[in-house]
Amino acid sequence: MSRSYQQLLEEARKLVPELSIDQVRAAVSGRNAPLLVDVREKEEYREGHLPGALSIPRGFLEMQVEGKLPEKEQPVVTYCQSGVRSLLAAKLLKDMGYRDVRSMTGGYGAWKGAGYPWDKPFKFKAEQLERYSRHFLLPEVGEAGQAKLLEAKVLCLGAGGLGSPAAFYLAAAGVGTIGLVDNDTVDMSNLQRQILHTNDRVGMPKTQSARLTLEALNPDVKIVEHRVRLDSTNVMELFEDYDIIVDGCDNFPTRYLVNDACVMLGKTNVHGSIFQFEGQATVFKPKEGPCYRCLFPEPPPPGMAPSCQEAGVLGVLPGLVGCIQALETMKLILGAGTPLIGRLAHVETLGMNVRILKLRRDPRCPMCGDAPTIKALIDYEEFCGLRNPSAEPAADVA
């Protein structure tokens, strides 16, 4: 150790208060708990760290700390492996204007040696460290957020216009398990908007075509095919194994079915719908906002709301709405940002107008209101006025 380095350490010790591991443990349990900043290298952090610690390697401190820690009045405790790097890092933070900075003596080695609690992050493979490197740079995602994505389970209802972009971006982001519900086959008319499918797969089951595309995009992701028609007999069992439901259905019986099952199971429904040149997306989260029935207590008369097959749809529109659904799903998994709970994003493409509308829970809603009257799944074909159930397939998608 050079003399200049020793002098730098002595200067840091004069300026930076030091806390023992016992004092730090007591402080993080207190009312005004400090933020823990781990200044070791990423490889060291991945082997284990103090619970809740923010990782900013010493060499990147000047470049990253103000983006990750904008409030300079917040109490901060830096630590490293033994207490030397953290002391120098704390001095640097003081030089940058952070007012309440301390360093933990003994570092992570002493903390772990004392038997105090520590966390071991998700173990990323070398390929994953490269694949998700841009996510790691985002404070709102980072390695902890990416681990949440890899451990999440999302069910996409439909591998069509909305399900295609939603599933594509969720798979690219590394959502660990993606279920696909669709009993249709690829048709030539789908290819104008359903980007999971290709010309040579016409006639192939959509779930199979989608699985091939998504597995080729990201082998990390487990794709589960549910080649079934969604109805009251299977919806509860299908939804049970997933964290979030992404609704890309294109008919009213299925939308009401999905809504009611989600409310009963406490599952979040990331809803999207499209019509010709307009689309909308919202998040229905039980007990935190309205449900689909709050917006549409009664379905429209049969024939008043034609499907994409009957009315047409601009090919790029489901891409826009499906991407919003993927974005909202990721925000929910990460716990980042403000999800579209109690709000609806409406996109009108010809004038390129985007509006955010406020939605309110209806206390008289028969499903999620103060005195709900719907206690079990009902006959949704009859509820929507479709006397002949075969007149409209209940699992059609956009």
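Hydrogens, waters and symmetry mates are skipped; everything else that's a heavy atom, side chains included, is used. Computed from a predicted model, the values in this text were never measured in an experiment.
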Is the side chain of [X] donor-acceptor paired with the backbone N or O of [Y] at a distance under 3.5 Å, no angle test?
{"X": "T213", "Y": "L196", "value": "yes"}
{"X": "S209", "Y": "P205", "value": "no"}
{"X": "K287", "Y": "G266", "value": "no"}
{"X": "K72", "Y": "L69", "value": "no"}
{"X": "K153", "Y": "G176", "value": "no"}
{"X": "H135", "Y": "G145", "value": "no"}
{"X": "E41", "Y": "R58", "value": "no"}
{"X": "D119", "Y": "P121", "value": "no"}
{"X": "R361", "Y": "C368", "value": "yes"}
{"X": "N269", "Y": "C262", "value": "no"}

Output the distance between atom [atom1] ([X]) and atom [atom2] ([Y]), rounded to the nearest 0.5 Å.
{"X": "L170", "Y": "C156", "atom1": "CG", "atom2": "SG", "answer": "5.5 Å"}
{"X": "F136", "Y": "L129", "atom1": "CZ", "atom2": "CG", "answer": "5.5 Å"}
{"X": "L357", "Y": "H346", "atom1": "CG", "atom2": "NE2", "answer": "7.5 Å"}
{"X": "R40", "Y": "S82", "atom1": "CZ", "atom2": "OG", "answer": "10.5 Å"}
{"X": "F60", "Y": "S55", "atom1": "CZ", "atom2": "OG", "answer": "10.0 Å"}
{"X": "H271", "Y": "E328", "atom1": "NE2", "atom2": "CD", "answer": "13.0 Å"}

Using the rule that Ile, Leu, Val, Met, Phe, Trp and Tyr join whenever any side-chain heavy atoms are under 4.5 Å apart, tell me whether [X] and [Y] fall into a single cluster.
{"X": "L19", "Y": "Y108", "result": "yes"}
{"X": "V175", "Y": "L155", "result": "no"}
{"X": "I56", "Y": "L138", "result": "no"}
{"X": "I245", "Y": "V181", "result": "yes"}

Would you say [X] and [Y] make side-chain contact, with heavy atoms under 4.5 Å?
{"X": "R102", "Y": "Q23", "answer": "no"}
{"X": "L180", "Y": "L214", "answer": "yes"}
{"X": "E47", "Y": "K123", "answer": "yes"}
{"X": "L340", "Y": "I324", "answer": "yes"}
{"X": "R343", "Y": "T338", "answer": "yes"}
{"X": "I244", "Y": "I333", "answer": "yes"}
{"X": "D247", "Y": "F284", "answer": "no"}
{"X": "L295", "Y": "L344", "answer": "yes"}

(request) Please step through salt bridge (Lys or Arg N to Asp or Glu O under 4.0 Å) for the pair E10 and R13, ending with a clear verdict. (result) CA-CA 5 Å; E10 288 303 319; R13 285 196 173 95; 3.7 Å; yes

(request) Take T233 and D231, measure what side-chain hydrogen bond (donor to acceptor under 3.5 Å, both in side chains) needs, and give me the verdict at the end. (result) CA-CA 5 Å; T233 66; D231 59 30; 2.5 Å; yes

Return a table of donor-acceptor pairs under 3.5 angstrom between the side chains of residues 219-226 and protein atoms on other chains or two or more places apart.
residue	atom	partner	partner atom	Å
D220	OD1	Q128	NE2	3.4
D220	OD2	Q128	NE2	3.2
D220	OD2	Y132	OH	2.8
E225	OE1	T207	OG1	2.7
E225	OE1	Q208	N	3.2
E225	OE1	R227	NH2	2.6
E225	OE2	R211	NE	2.6
H226	NE2	Y242	OH	2.8

(message) Please evaluate residues L36 and V24 with respect to the criterion side-chain contact (heavy atoms from CB on, under 4.5 Å), reporting the C-alpha separation (whole Å), side-chain torsions for both, the decisive distance (0.1 Å), and the verdict.
(response) CA-CA 9 Å; L36 301 175; V24 172; 4.0 Å; yes

Greater than 12 external heavy atoms within 6.0 Å of [X]'s [atom1]:
{"X": "E348", "atom1": "CD", "result": "yes"}
{"X": "Y45", "atom1": "OH", "result": "yes"}
{"X": "E237", "atom1": "CD", "result": "no"}
{"X": "Y98", "atom1": "OH", "result": "yes"}

(request) Answer yes or no for R255 and Y292: cation-pi contact, defined as NZ/CZ to six-membered ring centre under 6.0 Å and angle to ring axis within 45°. (result)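 The answer is no, since R255 fails at least one limit relative to Y292.
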
(message) Show, in sequence, the C-alpha distance, side-chain angles and deciding distance for R201 and L212, and conclude whether the side-chain contact (heavy atoms from CB on, under 4.5 Å) test is met.
(response) CA-CA 10 Å; R201 296 181 193 166; L212 293 173; 3.9 Å; yes

(request) List for me each residue that meets side-chain hydrogen bond (donor to acceptor under 3.5 Å, both in side chains) alongside E71, sequence neighbours excluded, and say none if there are none. (result)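 Residues passing side-chain hydrogen bond (donor to acceptor under 3.5 Å, both in side chains) with E71: none at all.
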
(request) Would you check, one step at a time, whether the test side-chain contact (heavy atoms from CB on, under 4.5 Å) holds for V313 with Q276? (result) CA-CA 4 Å; V313 61; Q276 294 187 333; 5.9 Å; no

(request) For the pair E140 and K331, find out whether any cationic side-chain nitrogen is under 4.0 Å from an anionic carboxylate oxygen. (result)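 Looking at E140 and K331, the cut-off is not met.
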
(request) Could you go through the side-chain contact (heavy atoms from CB on, under 4.5 Å) check for F122 and E143 one step at a time? (result) CA-CA 8 Å; F122 186 92; E143 295 187 18; over 6 Å; no

(message) Against M330, only a single residue in V154, L149, V141 fulfils side chain to side chain contact (heavy atoms under 4.5 Å, CB included); can you say which?
(response)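 Of all the options given, the one that passes is L149.
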
